[in-house]
Engineer: 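I have a structure I would like to understand better, so I am pasting it below and will then ask my questions one at a time.
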Amino acid sequence: MMKEKIAIFWYRRDLRLDDNAGLYHALKSGYKVLPIFIFDTNILDMLENKKDQRVEFIHQALDDIQTKLVAFGSSLFVKYGNPTDIWQKIFSEFDIAEVYTNHDYEKYAIERDQAIGAMLNAKGIAFYTFKDQVIFEKKEILSGAGTPYTVFTPYSRKWKETLNDFYLKSYPNEAYFHNFIKTNPYPLPALEDIGFELTGFQFPKKDISEQLIHNYDEVRDFPSILGTSRLSVHLRFGTISVRKLAQVGVKLNEKWLNELIWRDFYMNILFHFPHISEGKSFRKEYDNIIWRNNEIEFGKWCEGKTGYPIVDAGMRELNATGFMHNRVRMITASFLIKHLLIDWRWGEAYFAEKLIDFDFSANNGGWQWASSSGCDAAPYFRIFNPTAQTQKFDPELKYIKKWIPELNSFDYPKPIVDHAFARERVLNAYKKALEKK
Ligand code: FAD
């Protein structure tokens with residue numbers, strides 16, 4: 001029997017049915033659409049902890065999509081393995097006319113998509129890819145001189161000038177759901193089948209509270225208050241659409257919209273300056289710094305035992321929940337780099353392992369900001385004083401006490417280094433490195 005020619009939509013970091021650009025175009029292709037997802041062993045094999053919240057989050061998101069698809073007689077096709085091998089299997093099982101997917105700007109993803117694109121091309125199968133995870137990508141926001149922006153403020157100005165309803169409009173995917181392929185459900189592998197275990201973790205809700213966005217400016221910097229949206233994991237895996245969130249930002253609060261623009265900004269930096277994927281500083285002269293890289297001190301920072309309560313509270317929040325408040329991410333990152341004079345790449349890697357919302361571009365951007373080596377970074381002589389930061393942002397020590405119950409007992413360590421001494425030490429190290437320029 002002749003197989004029916006179909007279109008495939010390949011899910012990656014866009015795990016939703018609504019307002020999904022690539023899926024929308026697939027559903028309008030004129031072919032019945034089979035949505036697929038590949039648990040990619042090139043990525044999963046690098047995760048040492050088999051209780052990984054992110055894998056569980058992805059699994060839950062797929063389960064949610066599968067439940068909805070089964071309700072209208074369709075199914076998601078989920079496989080585990082190397083994308084090249086899996087695609088070979090897909091070719092043998094289905095007669096494919098076209099493949100649709102959304103852009104991903106990370107180094108590995110670009111290489112993977114080029115390889116799969118070449119395979120599809122060799123078989124005469126069209127490969128259509130779309131912008132979905134950002135509002136503006138690639139060369140859509142350039143300076144008057146046609147160059148990419150490397151400073152946030154002019155970038156955000158141009159971003160806002162360029163924005164119109166077209167860029168914000170949601171794709172009406174719902175109107176085309178009848179174009180999903182009709183099939184008996186394909187089995188969704190259990191977490192255990194792909195070598196992972198349940199973490200039992202409660203993920204941040206997908207709800208967006210208008211009240212919270214409204215009050216954002218006043219409370220966003222206080223880690224003891226639930227004053228930020230906690231949507232980062234949903235943006236990371238695309239369980240929420242950035243267009244829908246930008247609509248909320250435009251309507252309710254420009255300050256919050258700016259955070260979404262920071263996200264676009266760092267993705268654009270990654271696209272235009274791929275050397276940051278090679279472990280390099282954005283500003284090359286910062287690669288001359290001679291780090292101390294004391295492993296024992298690094299271990300204490302990771303565990304939250306530096307004797308600086310705001311730093312320790314942050315690291316303990318990260319270790320326990322996979323999340324850390326933005327203000328505290330800045331303080332802990334600055335402390336590792338500037339107080340302990342440890343290479344920012346060590347901290348970047350630790351965050352990458354632990355953060356549930358880990359995203360290469362935002363994480364690298366945050367770390368290079370803190371180390372002063374980034375595109376629009378803190379000046380190198382700006383050294384956060386953890387005590388002053390605490391007085392300002394956790395004056396009643398509510399956040400600190402939540403994470404450090406032993407704060408006032410003998411069990412709590414003495415400060416790992418004196419602030420004034422560390423300040424002088426790092427200033428000298430940076431000065432020396434920058435003189436070499
Ligand atoms: P909200 O304040 O509600 O902001 C809304 C959304 O805007 C966030 O969900 C996020 O997607 C985006 N956003 C906010 N701030 C930034 C920013 N500075 N850069 C880029 N996007 C931003 N964010 C990540 O998503 N993944 C990371 O791996 C990551 N690593 C970081 C590392 C360091 C050292 C620092 C200083 C910041 C990092 N951030 C990262 C940015 C920021 O801390 C988080 O996005 C934020 O804390 C998430 O909380 P929220 O969803 O409540 O944010």
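Atoms within each ligand, like the ligands themselves, are counted from 1 in listed order. Fair warning: this is a prediction, and the values are worked out from it, not measured in the lab.
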Engineer: What protein heavy atom lies closest to atom 25 (O) of ligand 1? Include the residue and the distance to one decimal.
Structural biologist: Asp357 O, 3.6 Å

Engineer: At a non-hydrogen distance cut-off of under 4.0 Å, which region of Leu235 contacts ligand 1 (side chain, backbone, both, or neither)?
Structural biologist: side chain

Engineer: To the nearest 0.5 Å, how far apart are OG in Ser224 and CD in Glu396?
Structural biologist: 7.5 Å

Engineer: Contact between ligand 1 and Phe323 is defined here as a heavy atom of the residue under 4.0 Å from a ligand atom; is it met?
Structural biologist: yes

Engineer: What protein heavy atom sits nearest atom 45 (O) of ligand 1, and how far off is it?
Structural biologist: Ser232 CB, 4.3 Å

Engineer: Heavy-atom count check: over 12 atoms from other residues, nucleotides or ligands less than 6.0 Å from Glu174 CD?
Structural biologist: yes

Engineer: Identify the protein heavy atom lying closest to atom 28 (O) of ligand 1, giving its residue, its atom name and the separation to 0.1 Å.
Structural biologist: Asp359 N, 3.0 Å

Engineer: Work out whether the distance between some heavy atom of Trp369 and some atom of ligand 1 is less than 4.0 Å.
Structural biologist: no

Engineer: Between Gly366 and ligand 1, is there a nitrogen or oxygen pair with a distance under 3.5 Å?
Structural biologist: no

Engineer: Verify the neighbour count for atom CD of Glu161: are there more than 12 heavy atoms of other residues, nucleotides or ligands below 6.0 Å?
Structural biologist: yes

Engineer: What protein heavy atom sits nearest atom 5 (C) of ligand 1, and how far away is it?
Structural biologist: Trp256 NE1, 3.5 Å

Engineer: Report yes or no: is the cationic atom of Lys338 (NZ for Lys, CZ for Arg) under 6.0 Å from the centre of the six-membered ring of Tyr430, at an angle within 45° of the ring normal?
Structural biologist: yes

Engineer: Is it true that the NZ or CZ of Arg329 lies under 6.0 Å from the centre of Phe323's six-membered ring and within 45 degrees of the ring axis?
Structural biologist: yes

Engineer: Any nitrogen or oxygen of Arg230, main chain or side chain, under 3.5 Å from a nitrogen or oxygen of ligand 1?
Structural biologist: yes

Engineer: Between Leu355 and ligand 1, which part of the residue brings a heavy atom under 4.0 Å of the ligand: side chain, backbone, both or neither?
Structural biologist: side chain

Engineer: Phe384 and Phe335: ring-ring contact (aromatic ring centres under 6.0 Å, His included), yes or no, with the steps?
Structural biologist: CA-CA 7 Å; Phe384 275 12; Phe335 189 85; over 10 Å; no

Engineer: So is Arg236 in contact with ligand 1, going by heavy-atom distances below 4.0 Å?
Structural biologist: no

Engineer: How far is atom 40 (C) of ligand 1 from its nearest protein heavy atom, and which residue and atom name does that atom have?
Structural biologist: Arg329 NH1, 3.2 Å

Engineer: Quick one: does Gln53's side chain get under 4.5 Å of Phe203's, heavy atoms only?
Structural biologist: yes

Engineer: Does NZ or CZ of Arg13 come closer than 6.0 Å to the centre of the six-membered ring of Phe237, within 45° of the ring's axis?
Structural biologist: no

Engineer: Within the 4.0 Å heavy-atom shell around Tyr266, which atoms of ligand 1 are there?
Structural biologist: 19 (N), 20 (C)

Engineer: Looking at ligand 1, does any of its N/O atoms fall within less than 3.5 Å of an N/O of Trp262?
Structural biologist: no

Engineer: Numbering the atoms of ligand 1 from 1, which are under 4.0 Å from a heavy atom of Phe358?
Structural biologist: 28 (O)

Engineer: Considering the heavy atoms of Arg263, write down every atom of ligand 1 situated less than 4.0 Å from one of them.
Structural biologist: 11 (O), 20 (C), 21 (N)

Engineer: At the 4.0 Å heavy-atom cut-off, does Phe265 count as touching ligand 1?
Structural biologist: no

Engineer: Pull out every atom of ligand 1 sitting under 4.0 Å from any heavy atom of Tyr216, numbered as shown with elements.
Structural biologist: 1 (P), 2 (O)

Engineer: Any nitrogen or oxygen of His325 lying under 3.5 Å from a nitrogen or oxygen in ligand 1? Just yes or no.
Structural biologist: no

Engineer: Is any side-chain heavy atom of His103 less than 4.5 Å from a side-chain heavy atom of Glu137?
Structural biologist: yes

Engineer: Does some side-chain heavy atom of Ser373 sit less than 4.5 Å from a side-chain heavy atom of Trp367?
Structural biologist: no

Engineer: Looking only at heavy atoms of Met330, does any of them come nearer than 4.0 Å to an atom of ligand 1?
Structural biologist: yes

Engineer: What residue and heavy atom of the protein are closest to atom 3 (O) of ligand 1, and at what distance?
Structural biologist: Ser229 OG, 2.6 Å

Engineer: If you measure from CZ on Phe37 to CG on Asp40, what distance do you get to the nearest 0.5 Å?
Structural biologist: 8.5 Å

Engineer: Given Tyr24, which of Phe130, Tyr176, Tyr128 fulfils the ring-ring contact (aromatic ring centres under 6.0 Å, His included) condition?
Structural biologist: Tyr176

Engineer: Can you figure out which of Lys354, Gln368, Glu259, Glu348 has its heavy atom closest to atom 14 (C) of ligand 1?
Structural biologist: Glu259

Engineer: Among all protein heavy atoms, pick the one closest to atom 42 (C) of ligand 1 and tell me residue, atom and distance.
Structural biologist: Asn326 OD1, 3.3 Å

Engineer: Is the distance between the ring centroids of Trp10 and Trp87 under 6.0 Å?
Structural biologist: yes

Engineer: So, regarding Trp367 and ligand 1 (criterion: nitrogen or oxygen to nitrogen or oxygen, under 3.5 Å), is there a contact or not?
Structural biologist: no

Engineer: Check whether any side-chain heavy atom of Phe265 lies under 4.5 Å from a side-chain heavy atom of Thr150, and answer yes or no.
Structural biologist: no

